Amino acid sequence: MSPTDTSASARPVRWGLAAKLFATLLLLGAVAVLVTGVLGYMRARDALQESIYNQLTATRKSKARQVETYFRTIRNELSQLAVSKMAIDAVRGVNAGFDELDRSDVPFDIRRKVGDWYEVQFVPDLRRVLGKEPNVNDYLPVGPAAYYLQYHYIVANPYPAEQRKLLDDAGDGSAYSAQHALYHPLLRAAATSFGFFDFMLADPKSGRIVYGVDKEVDLGASLRTDSYRQSNLAAVVARCGATPDRSAVCLEDFAPYAPSGGAPIAFMSAPVIDQGAVIGVLIAQLSIDEIDNVVTGDRHWQQDGFGTTGEAYLVGPDNYVRSGLRAFYENPERYFADLKRGGESEPC
């Protein structure tokens, strides 16, 4: 074979090796790019997940601080109000007026009208809450003062139910109504300013609710009767009523409260002390709606960074939630349908 033939036969071999080398380098480059892309994607995904987790954690902590601030603010305001001269004078005046009414006789006509009002206005709501027929006698007022006050400030109140607190003076000429006309505007303004659902005064010696801003059926109630004895209201009055400490503030957690239509209610109280003795208990009735608004961000979940499905909710030490769930607010029909499929009974 000639030299020319040898050169021609070697050229395809060199080109074949070059092609294989090029393909190998190309494959290695593609693998490197793929590995780099996968690692970059994983890093970006992890960074995004960490960012979302940090944002949700920060939101959770922020809402926890808001709830704590709410209770701390109420505590401070209630404590300061309990040591004021106005509170001491109001408790003394209202207690004296209540005791005077309790020594009087209540006409049969007033008792009948109060009983009729309970049958028509109170029992239907209580039936819905209890899920059974209640015994109205378990909830009727106890004592002349309770009947008297519930008649003049609830049954005969010229304002509709949601505005009963606007009545300053029942015009009956009693010493109680004179004290009520004097202090009710001040206590009503305090309740509105502090955001209390209701604001009450209790006499720890008699165990009676001697005053309430909103004029619910617990006005004049005895906390020693069967319908109130186990309530968180009775517990909070008993605790602070036995604590002659000006800095004391007592709190009872949320629980269903029949006089408020079965709504979950918490009570915070402070003793009113005069000359070293507890003469009364100031009671702030706290609605769970305020807590719910804080935790749900007034139901603006997406603006709070929870996207289309996320949410925050508050759970108490009894493992019951203290705020509403997003699924319920956004689609209550579907929420209850899902509960029913899970074996839960129909809501009352």
Side-chain angles (χ1 to χ4, degrees), residues 66 69-98 101 149-150 152-154 156-172 174-204 208-221 233 236-237 240 246-251 257 259-261 263 265-274 278-291 293-294:
Q66 290 179 58
T69 299
Y70 169 76
F71 280 104
R72 186 163 50 249
T73 301
I74 296 297
R75 176 191 178 95
N76 293 338
E77 291 169 342
L78 189 63
S79 181
Q80 292 174 11
L81 186 59
V83 299
S84 67
K85 185 177 184 302
M86 186 271 287
I88 295 173
D89 292 343
V91 168
R92 286 199 174 279
V94 170
N95 279 349
F98 189 93
L101 289 177
L149 295 181
Q150 291 201 16
H152 285 287
Y153 288 93
I154 297 179
N157 193 314
Y159 293 97
E162 64 276 7
Q163 296 180 340
R164 289 184 195 134
K165 62 183 177 183
L166 297 180
L167 180 62
D168 293 335
D169 189 347
D172 59 298
S174 67
Y176 180 95
S177 289
Q179 295 296 315
H180 187 279
L182 179 62
Y183 293 109
H184 178 61
L186 300 174
L187 295 172
R188 179 179 59 210
T192 302
S193 175
F194 298 154
F196 299 156
F197 187 75
D198 196 2
F199 193 34
M200 297 177 284
L201 301 177
D203 178 5
R208 306 295 289 269
I209 301 299
V210 297
Y211 167 84
V213 167
D214 273 11
K215 305 299 181 285
E216 293 187 324
V217 295
D218 49 15
L219 177 61
L233 174 59
V236 82
V237 170
C240 263
R246 293 181 182 275
S247 64
V249 175
C250 307
L251 174 66
Y257 187 59
S260 295
I265 297 294
F267 293 98
M268 186 179 290
S269 68
V272 179
I273 301 171
D274 188 27
V278 179
I279 62 171
V281 177
L282 289 185
I283 310 157
Q285 184 172 332
L286 309 180
S287 170
I288 205 168
D289 292 340
E290 294 293 333
I291 304 300
N293 290 336
V294 170

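None of these values were measured; they are calculated from a predicted model.
- Here the shortest heavy-atom pairing between C240 and V249 reads SG-C, 4.2 Å.
- A donor-acceptor pair is defined here as one N or O able to donate and one able to accept, closer than 3.5 Å; no such pair exists between the side chain of R164 and the backbone of D214.
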Given L286 and I265, is the side-chain contact (heavy atoms from CB on, under 4.5 Å) satisfied, shown in steps? CA-CA 6 Å; L286 309 180; I265 297 294; 6.0 Å; no
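- For the atom pair OG of S84 and CG of L282, the computed distance is 7.5 Å after rounding to the nearest 0.5 Å.
- Between L201 and I283, every side-chain heavy-atom pair lies at or beyond the 4.5 Å cut-off.
- Nearest heavy-atom pair across F98 and I209 is CE1-O, 4.2 Å.
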Using the side-chain contact (heavy atoms from CB on, under 4.5 Å) rule, take F267 and M200 through it: C-alpha gap first, then chi angles, then the decisive distance, then the call. CA-CA 10 Å; F267 293 98; M200 297 177 284; 3.6 Å; yes
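- One finds the CG atom of L187 at 12.5 Å from the NZ atom of K165 (value rounded to the nearest 0.5 Å).
- Minimum heavy-atom separation, G280 to V91: CA-CG1, 3.8 Å.
- In plain terms, the two heavy atoms of L166 and R188 that are nearest each other are CA-NH1, 3.5 Å.
- Remark: Y176 OH to Y153 OH distance equals 6.5 Å, nearest 0.5 Å.
- Under 3.5 Å, the side chains of S260 and Q285 contain a donor-acceptor pair of N or O atoms.
- The aromatic rings of Y211 and H184 lie perpendicular to each other, with more than 60° between the two planes, well past the 30° mark.
- Without hydrogens or angle criteria, S269 side chain to V236 main chain gives a donor-acceptor distance under 3.5 Å.
- Atom CG of residue L167 and atom CD1 of residue I154 lie 11.0 Å apart, to the nearest 0.5 angstrom.
- Within the model, atoms CG of L81 and CG of N76 stand 12.5 Å from one another, a figure rounded to the nearest 0.5 Å.
- Between F196 and F199, the ring planes are tilted. Angles from 30° to 60° get that label.
- Contact check for I88 versus K85: no side-chain heavy atoms found under the 4.5 Å cut-off.
- When all heavy atoms of P271 and A82 are compared, the closest pair comes out as O-CB, 3.6 Å.
- Taking CG of D198 as the start and CG of L219 as the end, the distance is 9.5 Å to the nearest 0.5 Å.
- Side-chain atoms of N157 come within 3.5 Å of backbone N or O of Y159 as a donor-acceptor pair.
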